[in-house]
Amino acid sequence: MSVHVEPVKTYVMVFSALMVLTVATVFVAYFDLGLLNNFVAMGIALTKASLVVLIFMHVRHGSKLTKMIALGGFLWLIFLFLFPLADYDTRGLLGPLGK
Amino acid sequence: MSTTAGHAAGGSNYLTAEHGLKSWLLTKDHKRIAVLYLISVSFFFMLGGLFASLVRAELLTPAGDLLSADSYNRAFTMHGVIMVFFFLIPAIPAVLGNFLVPVMIGAKDLAFPRINLLSWYVYNLAGLLGVWVLLQGGVDTGWTFYTPYSSVYSNTAVIPAAMAGFVAGFSSILTALNFVVTIHRMRAPGLTWFRLPLFIWSHYATSLIILLGTPVLAITLLALVLERGFGLGIFDPAMGGDPVLFQHLFWFYSHPAVYIMILPAMGIQSELVAAFARKRVFGYPVVAFASLAIAILGFLVWGHHMFTSSQSVYASTVFSVLTMLVAVPSAVKVFNWTATLHEGSISYETPMLYALGFIGLFTIGGLTGVMLGTMGIDLHVHDTYFVVAHFHYVMVGGTILGYLGGLHYWWPKMFGRMYNQFWSRIAAIVVFIGFNLTFLPQFVVGYLGMPRRYWSYPAEFQIWNVLSTAGATVLGLGLALPLVYLLMSLKNGALAGNNPWGAKGLEWETTSPPPTFNFDTPPVVTEEAYAYADSHLVEAGHSDKKGKKELHGV
Amino acid sequence: MSDHSSSTLAHHFDSHEQQREASTVGMWAFLVTEIMFFGGLFLAYVLYRSRYPQTFADASNHLNVIWGGVNTVVLIASSLTMALAVRAAQLANRKTIVLMLILTLVLGCVFLGIKAVEYKEKFDHHLVPGKNFQYDGANGQKAQIFFSLYFAMTGLHAVHMVIGAGLLIWMIVLAHKGVFTAEYHNHIENVGLYWHFVDIVWIFLFPLLYLLGFHVGH
Amino acid sequence: MVESFPMFPPQASTVASEVDALYWTWIAISAVSSLLIALAVAFFLVRYRRTPEHQTGHPERAAGMLEVIWSVIPLVICLGMFVWGTKVFFDLARPPANAVEYWATGKQWMWKFQHPNGRREINELHVPTGQPIKLTMISEDTIHSMFVPAFRVKSDVLPGRYTTVWFEPTKPGKYHMFCAEYCGTEHSLMGGSIYVMEPAEYAAWLAGEVPGQPRATGQELFTSLACVTCHDAGDQQRGPSLTGVFGSEVKLATGSTVLADESYLRESILTPAAKLVEGYDPLMPTYQGQVTEEQLMSLVDYIKSLGGQKAASAAPAASSGGPVAASTGG
Ligand code: HEA
Ligand code: HEA
Ligand code: CUA
Ligand SMILES: [Cu+2]
């Protein structure tokens, strides 16, 4: 039985990091950075999510299989987003109708 | 634990271990659940077939005379919905897969037996919803539920129908979850990935698709319900939404779903070809990886259903080229099965007849699929009978033939009895002929320009429709035969013995029908799958002498 | 047939180790289905937001960032207590398990309470899509899509929270009975995974829904 | 005999033979590969049938190059056909520059057409040979699909957005026109006929009846709906000048640009604030619910007819990879 037990300190540190990042994301939202706002906000959210996945959800010490499953889910989410967005962004590129 | 009652080596098997309705309805034995599924799924097949008969009867004449337009629209919708969600998707995994996955990998049961039983109940709940839809007069949106017709304009029972699809999705998710965990974590000692039967590989690939795709269908149908019930608006152009988004979401699941339907049949196909040619499947690793390749690539081609939908032409181009790529692993499989026959020792029992039919019909279905993936052609034949013919070739000619082949192959294992050899061969041949007569004319009439979902049509298309309806009659007869002789075999069939076909594989090492925990002694595997040319495949801890002796006699 | 007398090992598994691994893999596979489930709505959101950026930014300013922020903190805190509960289970520390689970449950309920207050606010301001929808900014119709998605996404999330709360209660009962041991605590671990997943969904919902138009209004 | 077993729809447009050639090639490839497989299977079945002496198959031989060969050949065939099929598709999707614009509106369960000169028809469309024709289409309710088998063209017709289909008829005659996207009860009856005529005949037909004038209608609407009050001549008005706006790249207040195509014009009328033009306030009222799809088409058509050069807000034609600029103005 090889369950890895994280020390309480790790959990508290992750919690603090999550708090800091939450404040950061609200703080950044005050500024108009144009498109950059989206990237920063999503970057911070991704970082937070990774912290939760890796430590709260024990993936850091999990089996290879769990790692693959978690990554797979993320990858398929990208598939789901990529193609429809690419469709909408390239509609009408053949030139205005009637040209 | 109700199932631990009697598994003593000698007489008792999973069918006789316990008695009474309750012992069936509360069973956690995967084999009993498979039998329960067999009953439910057969019921829905007949129901779906009934609607197909209505459709074909109406199309005998160009005028809309037998049914009203509304009834016709409900008939083909109910036909499609029932056949896809209640028959074809669960058929092979939930019946044959459920029975065989644990046996083939030498496990006592699936990883989560209670979830397995739950899946059957969830399926039936969905079935009840489906029946409720029928009682409310049916639904008329087509099985694709396209918005805004389904969300705004249809005045039929769309919400219950969508909920039925939603719930049915959960039952297949539960089955898939069980398969993935079982295959990963419960294989017998020595049974490495590359010793697994190809049936297992294909069920593994299928399960991945179900897990990754079905939730998207679920949320899409939920959004449709919200849209129709509460005016969510994301698919409604009148509110700034886009109906084409629905199509993206729908096909994100429903294209991979066609591989949910065909991959298990391909798994069966590999088992049958190997068993009746008494030869290892040619290029085993390639066939195994082809299943995974189909599963993964299959997620990236859904836009080929939307070439005319106003989708960006560039997106269409990408989807088209990926469609071409996904056809290659299927082609490789067909060639490898053919090559397996080379230097085999081939016998022509009923399951093999189905397997041979599968090769032919799937090839035609697949090749016409690639034609549809060619955009220049699809623009003309999209939403015509050409498409209808394509998908019946793969779904009926492919999956149903595979299912019937598998059912005939494992029937003696499941129930311990052999069916009538003469009638079963006749049935296979009648099905093959009737099928081609039904659907070959549809390619022609489709290219001529007859749109699908048409209740009445121009007179010049009639001749092809008459042929098609005639074929459907033959096909219906051919499909009714197994119903008779399979049921009769349960009473009067000759005892099958443990290995009637002289086949390899763990399922043939145990008794027919198997005991509750599948093996009296947990098996240990020391050889590859399909080791026909070598002496022994498996060293079962407890070897079943009778089974070994019968290995070569049919 | 091996005869494990241990009541926590199901008959078809060979060892606790195998059973635990199976349960973890099963839970993760389930979470993947959850990811894809939410994924559909996220796609719709991203799509309409990129089509109607201005309208979405304006509409998002009708949400209450304070409540959203507080809820983020509450939910992350509940994740912490949940993680500590699982840790206690690994160490078979019954009292701590129960305490942490109760804390988690309380925080979860606080979250749902705040959500209810927010929903009420939207209702009072006629921002619930439907016949009574009233929006004073430009492009009311497209703003309505924003609110549709807001309610669909947070609603679905809230449903998951309610289910989670139910699971927590069940776990509290089990823990109180002393069911969990160092080798057998699959259930609580899986509920933990589920709870964290629901937390992650919120981690994305918060910036997407509440913060995107923030700089416009402030 | 051939009459009673029709196999192919008539070829009545310039692209029909292209599509048929593609189709025939695929049929030939399919026939050959299916036949080869069938022959191989049949041969093996006979040659290697089970006999009393021959009870098990031969041990597997190494696959060698075989698997590579039978992966690469289908791959090459498929990719080749993909390239060809895509070329045909782009031919079908991209109307030639000299296409004449017709308008179509689909609704449950009929088609309404409008000729360039304003002549209207229902479920029937008369067109001349030798002239590329572009149908710009929209739906008033659910999705429909315009399908003319003899021309080998099809395009869905959506609510809320214009789509197009184009063809150049080559053979006079009467052809089927179907609705190919399921749209409810009378989906199978939502069709009609396309009459292809020699140009002279078509001209005579057009002259046969007094047509309503859509240009005038569009212009009339432009006045009666008070568009003129804000969109007159110059950009100093409350609203931007609409002269030459069609086909230009419009700069938006958000900083991005959009291409002013038909759908953009339509959206600008229905929901003006969705895409604000740079330098203007969101003053324009919405016309949602006040104009029908057909009136919208007339308005859009009218705005398109306002050719000429657009200054200020129109960015210069995109320098790279962009669409061909320089409009002829309808
Ligand atoms: C079991 C189900 C199943 C399967 C397996 C397939 C397999 C394939 N399908 Fe099919 N399809 C459906 C079920 C299925 N389909 C359904 C239900 C619809 C309609 C849905 C609706 O609208 O209602 C549909 C519709 C459909 C369309 C949309 C048509 C339209 O609406 O306009 C397209 C377009 O690309 C397509 C393509 C393909 C391709 C490329 C394959 C490939 O996977 C096929 C690969 C197989 C082979 C290629 C054959 C074997 C190869 C050889 C023997 C070697 C020789 C090969 C070459 C030289 C290439 N299918
Ligand atoms: C698994 C999938 C599956 C299967 C097996 C079938 C099987 C058949 N299908 Fe169908 N079909 C679809 C999936 C399937 N179909 C789908 C998805 C659509 C699209 C729907 C849509 O457009 O939305 C479709 C559409 C469709 C159409 C087009 C309708 C239209 O567009 O207007 C037609 C027309 O001929 C047709 C015919 C048939 C026939 C003759 C059979 C035959 O093979 C059926 C033979 C079976 C039987 C005849 C049953 C045998 C049992 C008995 C005879 C016993 C009698 C019954 C009782 C005692 C209760 N199907
Ligand atoms: Cu209009 Cu079908
Ligand atoms: Cu597909």
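From a predicted model like this one, the values you see are computed outputs, not experimental measurements. Heavy-atom basis, side chains included; hydrogens, waters and symmetry copies ignored. Residue numbers begin at 1 in each chain, while the letters A, B, ... track the order of the sequences.
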Heavy-atom closest pair, residues B:Q311 and A:R91 = CA-NE, 4.2 Å
inquiry  = Checking the side chain of A:D87 only, and the main-chain atoms of B:S312 only, is there a donor and an acceptor separated by less than 3.5 Å?
reply    = yes
ask   = Do you know which of B:V244, B:D242, B:I296 has the most heavy-atom pairs under 4.5 Å to chain A?
value = B:D242
remark   = Okay, B:L208 and chain A: the region with an atom under 4.5 Å from a heavy atom over there is neither
inquiry  = Could you measure the distance from the OH atom of B:Y314 to the CG atom of A:D89? Nearest 0.5 Å is fine.
reply    = 13.5 Å
task = Step through the shown structure and confirm whether more than 12 heavy atoms of other residues, nucleotides or ligands are within 6.0 Å of CZ on A:F74.
result = no
query = Does B:L249 reach the side chain of A:L80, with side-chain heavy atoms less than 4.5 Å apart?
reply = yes
request  = Output yes when a side-chain donor or acceptor of A:Y88 lies under 3.5 Å from a complementary backbone atom of B:L245, and no otherwise.
outcome  = yes
ask   = More than 12 heavy atoms of other residues, nucleotides or ligands under 6.0 Å from CE of A:M13: is that the case?
value = no
note = Rounded to the nearest 0.5 angstrom, the OG-NE2 distance for A:S63 and B:H184 is 9.5 Å
key: pair A:P84-B:W302: side-chain heavy atoms closer than 4.5 Å   = yes
Side-chain donor-acceptor contacts of residues 21-29 of chain A below 3.5 Å, not counting sequence neighbours, with atom names and distances?
| from | atom 1 | to | atom 2 | distance (Å) |
| --- | --- | --- | --- | --- |
| A:T22 | OG1 | A:L18 | O | 2.7 |
| A:T22 | OG1 | A:K48 | NZ | 3.1 |

task = Check whether any side-chain heavy atom of A:L65 lies under 4.5 Å from a side-chain heavy atom of B:R185, and answer yes or no.
result = yes
request  = Counting only heavy atoms closer than 4.5 Å, note whether A:L77 contacts chain B via side chain, backbone, both or neither.
outcome  = neither
ask   = Are B:F252 and A:F83 an aromatic pair by the rule of ring centers under 6.0 Å?
value = no
